[in-house]
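Letters A, B, ... are given to chains in the order of the sequence lines, protein chains preceding strands, and every chain is numbered from 1. Note that the structure is a prediction, hence the values are computed from the model and not measured. FYI, side chains are in, hydrogens and waters are out, and symmetry mates aren't considered; it's all heavy atoms of this structure.
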Number of protein chains: 2
Amino acid sequence: MSKKKDTNTEELILNAAKQVFQKKGMTGARMQEIADEAGINKAMLHYYYRSKQLLFEAVFKSAFSLLAPQLNKVINAKTSLFDKIESFTNNYISFIITHPYLPNFIIQELNRNPEFAKKLLAEKHFPNIDNFKVQVEEHIANGIIRPIKAEQLFFNIMALNIFPFVASPLLKGLTNVDDETYKKLMLERKTEVADFIINSIKVIK
Amino acid sequence: MSKKKDTNTEELILNAAKQVFQKKGMTGARMQEIADEAGINKAMLHYYYRSKQLLFEAVFKSAFSLLAPQLNKVINAKTSLFDKIESFTNNYISFIITHPYLPNFIIQELNRNPEFAKKLLAEKHFPNIDNFKVQVEEHIANGIIRPIKAEQLFFNIMALNIFPFVASPLLKGLTNVDDETYKKLMLERKTEVADFIINSIKVIK
DNA sequence: AAAAAGTTTAACCAAACGGTTAACAAAAGT
DNA sequence: ACTTTTGTTAACCGTTTGGTTAAACTTTTT
C-alpha cells in the first residue's frame, strides 16, 4: 500500500473542478478549463474520474455534504427553538460568506435534475424535519409561539437566510447598492434575520 | 407594411426558445432543440435572431419585463405598507404558479453574468426602492412598525415570496413532502407570508 | 536491477455544436 | 406576366466538445 505524493492529483482535480463547476454549472463547465485550473493534462480528469458526469457528481456530493450539517443545525439540535434560530442564522451567514457560490450551485443543479435530488436526499440518511416539527408543535401548545405550520416556518427560515446570497445580483440591482454595502447588509443579517423571525412568531405575554 | 401569416414564425421561435432556455439555461440549451420545439428548421432561428446569444437575450428580456411589474408592486404603489405587502404576496404567488420556471431562470442567468444584470437594470429605467424607503421610514417615525432598514425589509419580502419556488427541489427533499402537498403549502403562503412579515414588524399598541 | 504497476503526456477521434450557404418556394410589388 | 423580396429547407462547414490511445516516465514490488 501507499500514497506518498506531496501533490495529490486526485484532490487537485477535485478542487479545480469545484471552482469551475460551482461558478459555471454542469453544462457551462468545460473539462479543459478544469484541467487548466488544476494545471494538469486533461486526460488526468478521465484517469481519476472517468467522465464529466462522475466528476460533477463528486463535486456535487462534496458540496452537499458541506451544506448538510449546516442545515441540520435548524432541524436537529437539542437547544430551544429561539436559540436554534439565532445560532443557525449567525452560523449559516458566516458559513456562506466563505462559500459564496455554494447555495446557488446546489439549487441550480437540483433544478436541472430534480430526480438526482430525490435520489440524493433518499440514499444519504438525511436531515429530517420530524424533530423540528415536534418542537414547533410543543411551543405552540405551550403558548410560546403563535400557531404556524412547522413546514412554513422552516421554509421561512431557509428563505430569509439563503435567498439574499442566491439572488444577490438581482437584489443589488433593485436596491442599487454597491458590493461593499451589500456585504455589510449581509453581515447585519446575522442578527437581523433571527430577530425578524422571532418577532414574528413569539407570543407576547 | 403587413403581416399576414396565421403562423408567426418569429413568435413561434420565441415561445419555443422561452421553454427551452428557461428549463435548461443558456449553456444547457441547444439550438436544434429549440428548432424541434418550434417544429421548424434550425436555420430559421438564425434568420430571425442572428445568434444564440441574441435569441437568449430576447427571451431573457421578455421574462424580465414580465417579472418587473410584479416587483414594482412592492416598491411603488400608493397603498399603505401593510396593504402593499398583502397584495404583493397574494399576487406574486399566483403569478409564479403560472410561470414556475421564471424566477429560477432569471436568478441563474444573472448569476452567470452579473455584468449583464447591471447593464439591464441600468438601461431600462427600473423599479427603484426610493419610494419604498421613504414609506418605511415614515412608518417607523409614526410608531407603526418597529425600526428596520428598508433594504432588509425588502430583502425579507423578496426572500419569503420567491425562495420556496427557486429552491423547491431542495425544500421538497428536506421536508419530505410530495409535489401535491408542496403546491398546497405554496398556496397557503399567499396569506401566510404577509401575516408572517406584518407580525414581525407591526408595533403592538 | 529488472519487471510490474501506476501516473502523466501529446496527439488523436468521433460526435455535437453554432452557424452558413445555396437552392427553392411563396408573397408582394410592378 | 414577371420581377423582386421574403421565408424556408437540406446540406454543409469549421470549431469545440468529451473522451481515448499509445507511448513515455515514475514509482513500487520482487
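The shortest non-hydrogen separation linking A:S51 to A:M31 is C-CE, 4.3 Å.
Under 4.0 angstrom from either OP1 or OP2 of C:dT8 there lies at least one side-chain N or O belonging to A:Y48. Between A:T9 and C:dT7, a side-chain N or O to OP1/OP2 separation shorter than 4.0 Å is absent.
Of the listed nucleotides (D:dT20, D:dT8, D:dA10), D:dT8 has the atom at the smallest distance from the side chain of B:M44. Nearest to the side chain of A:H46, among D:dA10, C:dT8, D:dG18, sits D:dG18. Of the candidate nucleotides C:dG19, C:dT9, D:dT6, C:dG19 has the atom nearest to the side chain of B:K52.
Residues from residues 23-42 of chain A with heavy atoms under 4.0 angstrom of DNA chain D, sorted by number: A:A29, A:R30, A:M31, A:K42.
Remark: B:R30 engages no residue in a salt bridge (Lys or Arg N to Asp or Glu O under 4.0 Å) (not counting sequence neighbours). Considering only residues two or more places apart in sequence or on other chains, B:K84 meets the salt bridge (Lys or Arg N to Asp or Glu O under 4.0 Å) condition with none of them.
Each end of the helix from C:dA1-D:dT30 to C:dT30-D:dA1 yields a helix axis from five base pairs, and these two axes differ in direction by 0° (to the nearest 10 degrees).
Rounded to whole Å, the distance from CG on B:L54 to C1' on C:dG19 is 13 Å. We find that CD of A:E10 is positioned 14 Å from P of C:dG6, with the value rounded to whole Å. In this structure, A:Y47 places its OH atom 14 Å from C1' of D:dT21, rounding to the nearest Å. The CD1-C1' distance, from B:I13 to C:dG18, rounds to 15 Å in whole Å. Spacing between atom CG of B:L45 and atom P of D:dT8 amounts to 12 Å, rounded to whole angstrom units. If you take CZ of A:F56 and P of D:dT17, they are 18 Å apart, rounded to a whole angstrom.
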Atom pairs and distances, donor-acceptor, side-chain atoms in residues 33-42 of chain A, under 3.5 Å, two or more places apart:
{"residue": "A:E33", "atom": "OE2", "partner": "A:K24", "partner atom": "NZ", "Å": "3.1"}
{"residue": "A:D36", "atom": "OD1", "partner": "A:Q32", "partner atom": "NE2", "Å": "3.0"}
{"residue": "A:N41", "atom": "OD1", "partner": "A:A43", "partner atom": "N", "Å": "2.8"}

Can I get a per-line list of side-chain donor-acceptor pairs under 3.5 Å for residues 159-175 of chain B, giving both atom names and the distance, sequence neighbours left out?
{"residue": "B:N161", "atom": "ND2", "partner": "B:I157", "partner atom": "O", "Å": "2.9"}
{"residue": "B:K172", "atom": "NZ", "partner": "B:D179", "partner atom": "OD1", "Å": "3.4"}
{"residue": "B:T175", "atom": "OG1", "partner": "B:L171", "partner atom": "O", "Å": "2.6"}

Return a table of donor-acceptor pairs under 3.5 angstrom between the side chains of residues 66-73 of chain B and protein atoms on other chains or two or more places apart.
{"residue": "B:N72", "atom": "OD1", "partner": "B:N76", "partner atom": "ND2", "Å": "3.0"}

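Judged by the 6.0 Å and 45° rule, B:R112 forms no cation-pi pair with B:F21.
Each ring-ring contact (aromatic ring centres under 6.0 Å, His included) pair with one or both residues in residues 63-88 of chain B, not counting sequence neighbours, appears once here: B:F60-B:F64, B:F64-B:F126, B:F88-B:Y92. Contacts classified as side-chain hydrogen bond (donor to acceptor under 3.5 Å, both in side chains) and involving residues 96-108 of chain B (residues at least two apart or in different chains) are given here: A:N111-B:N104.
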